[in-house]
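Position 1 is the first residue of the sequence, and the numbers go up from there. Order of appearance sets the numbers: ligands from 1, and atoms from 1 within every ligand. These numbers were taken from a predicted model, which means no experiment stands behind them.
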Amino acid sequence: MAGARSGKQIASKSEDFDRWYVDVVRRAELADYAPVKGCMVIRPYGYALWERTRDALDAMIKRTGHENMYFPLLIPESYLAKEAEHVEGFAPEVFWVTQGGTRQLEERLAIRPTSETIICSMYADWIHSWRDLPVLINQWCNVARWEKRTRLFLRTAEFLWQEGHTFHATDEEAAAEVDTMLDCYRELAEEWLAMPVIKGRKTESEKFAGARYTLSIEAMMSDGWALQAGTSHHLAQNFTTAYGIRYSDRDNALQHPFQTSWGLSTRIIGGLIMAHGDEAGLVIPPRVAPIQVVVVPITRSDDDEAARIDEACSRIEREVPADVRVRVDRREAMRPGEKFAHWELRGVPVRITVGAKDLVEGNVTLVRRFDGEQTVVPLEGLGARLQSLLDEVQLAMRARAQGLLDQRSVDVQTLDDLVAAFTEQPVFASGPFCNRAECEQAVKASVHALTIRNLRSDRSSDGAPCVACREPAEFVALMARAY
Ligand SMILES: [Zn+2]
């Protein structure tokens, strides 16, 4: 069995999910701990996975009319301090630079935890007229936030992300932008990473510091826990007022523009690992897999056969379309079984085994990583069929993740229902909710480590009584344990 072979390298997923996760990240050579606590080194295979994900999202960001630019890493303290809620929200997480060389700085510099403050400060000089709007920009960068408890990819003191920032003439246009970008995140999660998500609005206590409201997508991990995979914020005029951004409208009256920001980070790689991984390690959806197909020759001592097998491998290499990422594993010092385990652990979607026995019939053996399905197929024309085979795997992985989400989603009407829903295993519970802070506390207190993920945008409560206070509720809350 696949699991048994690589079982020596990683902890059992069903017995110790947390250790399994860290083992997969490290043994599959995605990332490792860095000397500074909470920081990580992203290794080439992990970085290639991030690059695929990043490129897909970058294309969507550009498709929806945004341009990339770059702001500096360091932000003067006085800039950060202008929006009161924002500075209060981020104060516990900011890293400060107090010295340049041997000289004490006159003003402390923050290492950006996010860039609204410096972007607003600059755009205050650049936005003058209604003709300057909308501003639609994005930057790919690193940010740093002090974290007490860290976990590779999921929560690190420094991480990579994109942060989009936009300014608009009207409230409605800003609201539409917030929706558009959340939908890009949904598209990335569902169509590229094969992770179905639930869209909704964060509660008051969970929204971005300084925002009017925050939307999120929430994905289910294979242990039934939730992962917030992207957020999009309507900032209204909170920052543009605090930072003095004004423009003259068509009637020559001075106005503060409406603003949005939205971000998605390397955290989503952690989500991909936990959503699809199994006892043998990573399982990567084909669209983002750095290597989509690995070809393993089964060669023995007979030179004659070795040459024939190698020629078959080369033929596959030659015949695959240029956009299929294929690797022939010709390493001589490794046995085929070791190679299988090596690529299984790394989650390569399809493996082709080329052996003498199959070749006599003109065939090779093909194995799908996500479900282990094994088929003997003709070598003739294989290259041309690989793309449709990868597309099939992509769709089947998403369908399987959707199946898990459906199977572990329950509707609840009361706090007792909620407690009952969590007695056997973690689930996604949905129930009517009034969106008051007291009721959020009551929900959290009813089940260990439970949180309200979001107020679902796809469901309506029809005035049913709130799970906690029994008053008529406006929303349906998604309640789950979360990473
Ligand atoms: Zn309530």
Describe, in one word, how the ring planes of [X] and [Y] are oriented to each other, choosing from parallel (under 30°), tilted (30 to 60°) and perpendicular (over 60°).
X	Y	answer
H86	F239	perpendicular
F71	W126	tilted
Y123	F167	tilted

S430 and R456: side chain donor to acceptor below 3.5 Å: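 Short answer, yes.
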
Audit row: W225, Y483, ring-ring contact (aromatic ring centres under 6.0 Å, His included) steps and yes/no: CA-CA 7 Å; W225 284 48; Y483 284 99; 5.1 Å; yes

Output field: ring centroids H66/W262 closer than 6.0 Å: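 Ring centres of W262 and H66 closer than 6.0 Å.
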
Distance below 2.8 Å from the Zn ion (ligand 1): protein N/O/S atoms: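 Only C434 SG, C439 SG, C466 SG, C469 SG fall inside 2.8 Å of the Zn ion (ligand 1).
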
